[in-house]
Amino acid sequence: MRRFLDTVLDYLLWPLLFGGAVTLMAYGTALGHGTLAFNLTYLLLALLLCVLERIRPHEEDWHHSDGQEIPDLAHTLLTKLSVQVLIISATAIGLAKSIGDQPSGGIWPNHWPMFFQVVLALVVAEFGLYWAHRVAHEWMPLWRFHAVHHSAKKLWFFNTGRFHFIDTFKSIVFTVPCTALAGAPGPVMVRVGGITAFIGILTHCNIRMRFGWLNYIFNTPGLHRWHHSMDLREGNKNYGENLVLWDLIFRTYFNDQARRPPSEIGIREAMPQTFFGQLAAPFYWKRYQAAQKKLRKQKKTTEAS
């Protein structure tokens, strides 16, 4: 009986955490406290994930420190948050306040209930997010920036924001035109932004969960663990940020249910261990990789002698 209940909890955890976060934010937004509701909900979700990672880990080995806590925090505070919160708040959220009571533009179905508008906006925004992510993997000039995120040796809630600011800016450039051309109104996009943040932190959490049919709708932690594989046949898949619709359409969906995703993740290239080193390395990537390769050869020669 206990094993049965444990399995049921495995399947219920993700929808309960995600659904609870979205509901709390929606309730606070309806009361006119959208920003406060989002911030408090995100903090509560992070605290819950921190506890659950300790008592229900997906990978026990990921409990060990990788020495990247300070760079992870710095990336979150100084890059992802600075770019997304300061710039996007000043534009998208500011725009929401100025046009929130006005009809939306373009072909947007502003007469639909808010729920269906948010669903449509997720699909539209996801198209830009998908291609921003895919290009970052398949085009070397952008991969060197995205590699900062993939250089993490483990996944947990704390390194959700481990992104180079150029990488984050690139996603904004790809996504904003999609929703702008569709005419999605500000209040809808504010809700999409909150959902994206909730799915993002859930995607990286180190918690034992099962997802079943949800794997064919959302970008779940199970799918994203494959995306962080060093085997590019697995890693260059599952580009969706929130949804996997475009992965299914463009045939980049991957989920091998016969085995577990790899516990050893990261990149095969070298990456500095410091925050400022990680910020700088993409700008002289080839020289940095060549220098690190030379150092490795010298080390092997010294050890052999």
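All of these numbers come straight from a predicted model, not from anything done at the bench. In what follows, residues are counted from 1 in the order of the sequence shown.
Using a 4.5 Å cut-off on side-chain heavy atoms (C-beta onward), Lys237 and Thr252 make contact. The closest side-chain heavy-atom distance from Arg296 to Gln292 is below 4.5 Å. Using a 4.5 Å cut-off on side-chain heavy atoms (C-beta onward), Gln117 and Pro185 make contact. A heavy-atom distance below 4.5 Å is not found between the side chains of Thr76 and Thr160. Phe254 is not listed as a side-chain neighbour of Asn236, based on a closest heavy-atom distance of 4.5 Å or more. Contact of the Arg268 side chain with the Met230 side chain is registered, since non-hydrogen atoms from C-beta on lie closer than 4.5 Å. At a threshold of 4.5 Å between non-hydrogen side-chain atoms, the residues Lys154 and His63 do not count as touching. When side chains are defined from C-beta on, Leu245 does not count as touching Glu126, because their heavy atoms never get closer than 4.5 Å.
With rounding to the nearest 0.5 angstrom, the CD1 atom of Ile201 is 10.0 Å from the CG atom of Asn159. For the atom pair CZ of Arg162 and NE2 of His164, the computed distance is 11.5 Å after rounding to the nearest 0.5 Å. Atom CG of Asp256 is separated from atom CZ of Arg233 by 11.0 Å, given to the nearest 0.5 angstrom. Note: Asp72 CG to Leu77 CG = 11.0 Å, rounded to the nearest 0.5 Å. If you take CG on Leu129 and OH on Tyr239, they are separated by 14.5 Å, rounding to the nearest 0.5 Å. Between atom NE2 of residue His150 and atom CD1 of residue Ile265 there is a gap of 9.0 Å, rounded to the nearest 0.5 Å.
Salt bridge annotation for Asp6-Arg3: absent, with no cationic side-chain nitrogen under 4.0 angstrom from a carboxylate oxygen. Under the 4.0 Å criterion applied to side-chain N and carboxylate O atoms, Glu234 and Arg259 are assigned as salt-bridge partners. A salt bridge does not link Glu269 to Arg144: none of the charged side-chain nitrogens sits closer than 4.0 Å to a carboxylate oxygen. Salt bridge annotation for Asp10-Arg208: present, with a cationic side-chain nitrogen under 4.0 angstrom from a carboxylate oxygen.
Under the 4.5 Å side-chain heavy-atom criterion for grouping Ile, Leu, Val, Met, Phe, Trp and Tyr, Leu248 is not connected to Trp226 through any hydrophobic cluster. Using a 4.5 Å cut-off between side-chain heavy atoms of Ile, Leu, Val, Met, Phe, Trp and Tyr, with links allowed through other members, Val188 and Phe115 fall into the same hydrophobic cluster. Under a hydrophobic-cluster definition in which Ile, Leu, Val, Met, Phe, Trp and Tyr are linked whenever side-chain heavy atoms come within less than 4.5 Å, directly or via other members, Ile70 and Leu155 are assigned to different clusters. The hydrophobic clustering, which links ILVMFWY residues whose side-chain heavy atoms are closer than 4.5 Å, places Leu49 and Leu223 apart. With hydrophobic clusters built from ILVMFWY side chains whose heavy atoms lie under 4.5 angstrom apart, Leu48 shares a cluster with Ile55.
When every heavy atom of Ile199 is checked against every heavy atom of Glu241, the shortest pair comes out as CG2-O, 3.6 Å. Between Pro282 and Val148, the shortest heavy-atom distance links the atoms CG-CG2, 4.3 Å. A pairwise comparison of heavy atoms in Asn238 and His227 identifies O-ND1, 3.6 Å as the closest pair. Between Pro187 and Met114, the shortest heavy-atom contact is CB-CE, 4.4 Å. Nearest heavy atoms, Gly67 versus Ser65: N-OG, 3.1 Å. Here the closest non-hydrogen pair linking Gly277 and Pro272 is O-CG, 3.4 Å.
Put simply, the side chain of Trp131 never gets that close to the backbone of Thr175: no donor and acceptor are under 3.5 Å apart. Although no hydrogens or angles enter the test, the distance criterion places a donor-acceptor pair under 3.5 Å between the side chain of Asn206 and the main chain of Glu59. At distances below 3.5 Å, at least one donor-acceptor pair connects side-chain atoms of Gln289 with backbone N or O atoms of Ala270. Listed for the Gln278 side chain is no donor-acceptor partner under 3.5 Å among the backbone atoms of Met271.
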- Would you please test Arg56 and Met209 for side-chain contact (heavy atoms from CB on, under 4.5 Å) and show each step? CA-CA 9 Å; Arg56 296 176 64 85; Met209 293 185 279; over 6 Å; no
- Could you walk me through whether Leu17 and Leu52 pass the side-chain contact (heavy atoms from CB on, under 4.5 Å) test, one step at a time? CA-CA 11 Å; Leu17 290 167; Leu52 288 169; 4.0 Å; yes
- Task: Apply side-chain contact (heavy atoms from CB on, under 4.5 Å) to the pair Thr7 and Tyr11, showing each step before the final yes or no.
- Result: CA-CA 7 Å; Thr7 300; Tyr11 281 104; 3.9 Å; yes
- Task: Kindly determine whether His75 and Leu279 satisfy side-chain contact (heavy atoms from CB on, under 4.5 Å), including the steps that lead there.
- Result: CA-CA 9 Å; His75 280 297; Leu279 284 184; 4.1 Å; yes
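Aromatic rings of Phe283 and Phe145 (six-membered ring for Trp) have centroids within the 6.0 Å cut-off, being under it. Proximity of the aromatic rings of Phe218 and Phe18 is defined here by a centroid distance below 6.0 angstrom, and this criterion is met. The six-membered or imidazole ring of His137 lies near that of Trp143, with a centre-to-centre distance under 6.0 Å.
By the 6.0 Å contact criterion, CD on Glu264 is open, its count of non-hydrogen atoms from other residues, nucleotides or ligands being 12 or less. The environment of CG in Leu44 is crowded: more than 12 heavy-atom neighbours from other residues, nucleotides or ligands sit within 6.0 Å.
Annotation: side-chain hydrogen bond (donor to acceptor under 3.5 Å, both in side chains) contacts involving residues 212-222, sequence neighbours excluded, comprise Asn215-Thr220.
Under the 30°/60° scheme for interplanar angles, the aromatic rings of Phe198 and Tyr42 are found to lie parallel. Taking the six-membered ring where the residue is Trp, Tyr284 and Tyr288 present perpendicular rings, their angle passing 60° and hence far from 30°. Between Phe163 and His149, the two ring planes are parallel [angle under 30°; tilted spans 30° to 60°].
Inspection of the Trp62 and Glu53 side chains reveals no N or O donor paired with an N or O acceptor under 3.5 Å.
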